[in-house]
Amino acid sequence: MESHTLRRIAGALAAVALVSCAAIASAASGRVEQSGLFALVGGTPKIESKFWVSHPSDLSGTLKVRQFTLDGKPILDYDVDMEHIMHMIIVRDDFATFAHVHPDFDTTTGTFWQAFTKEANHRYYVYADSTPRGIGQQVFRFTLDNSGPIARSAPVGGPSERNAIAGSYTVTLSRTTLAANRAKNLDVTIVEGGEPAQDLAAYLGAAAHAVFINTVTLAYVHLHPMVRGQQMKMKAGKTGAMNMSMGGGKSGPFMQMAVPALPAGTYKLWIQFLGNGTVYTVPFTLLAQ
Ligand SMILES: [Cu+2]
């Protein structure tokens, strides 16, 4: 079976620490800025990404990201990818929560902002995934600090069951253990009431979205499973990236995703899909060994 899964890979592979994540106090404003850790496997950082939190109360604040060309000019033009110019993934330090949000954008300053309320005693990892026009996809990771001592949390553990329940749906992966460093196609099947689900629709321009995060290295992979046996309309984007158009029609329930070669480790995986008008986020744990 032929599959052309659109693939977006980002990673924070240990040896590829190209940009320091050190927090830098901005003398001018008193705010604490972070320079993002470049996180795109196989790519190179072509911009600089800055992160800070404005008007923080104890737990609520506005996450801000502003990106710059390497000669220091704020980036104002972004390509739309999956219906948005920035995708922000926010995961809790124990990988127990996952958010996929789309920050607002100030076209004058190039600043993105996103309201966020964290839970006490946890830090969060924030991934900013965008495609500056003419540059191509760039992904940076930041850390949102904890308020209060970090809670002790259960370890992520081994590979999860292949089935997971989401509302009235059961999502099944063909496997949750993979050979490390080897690309592999994984089937994703969504069943409702014992039958293939009939009320799935495209979500953000894809049949489903899958985000993998290595629980140790924080390497990040973002894939879009393709509906099996359905002709997908693909077009080359301006930057050479592939954009997918599904026209908002029916989607699933039989999908396949092309998982790239993953370094050995444990990966938290979240699959997002739209079922009968509701977005579901389904967690799994994968082991690459
Ligand atoms: Cu996606």
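Numbering of ligands and ligand atoms starts at 1, following listing order.
The Cu ion (ligand 1) has no N, O or S atom of H100 inside 2.8 Å of it.
Between N146 and H122, the side chains place no donor N or O within less than 3.5 Å of an acceptor N or O (distance only, hydrogens not considered). Between Q67 and S49, the side chains place a donor N or O and an acceptor N or O closer than 3.5 Å (distance only, hydrogens not considered).
Within H222, the N, O or S atom at minimum distance from the Cu ion (ligand 1) carries the name NE2. Within H209, the N, O or S atom lying nearest to the Cu ion (ligand 1) carries the name ND1.
If you run side chain to side chain contact (heavy atoms under 4.5 Å, CB included) between H209 and each of L204, T281, I89, only L204 comes through.
In this structure, the side chains of T62 and Q114 stay at 4.5 Å or more apart for every pair of heavy atoms.
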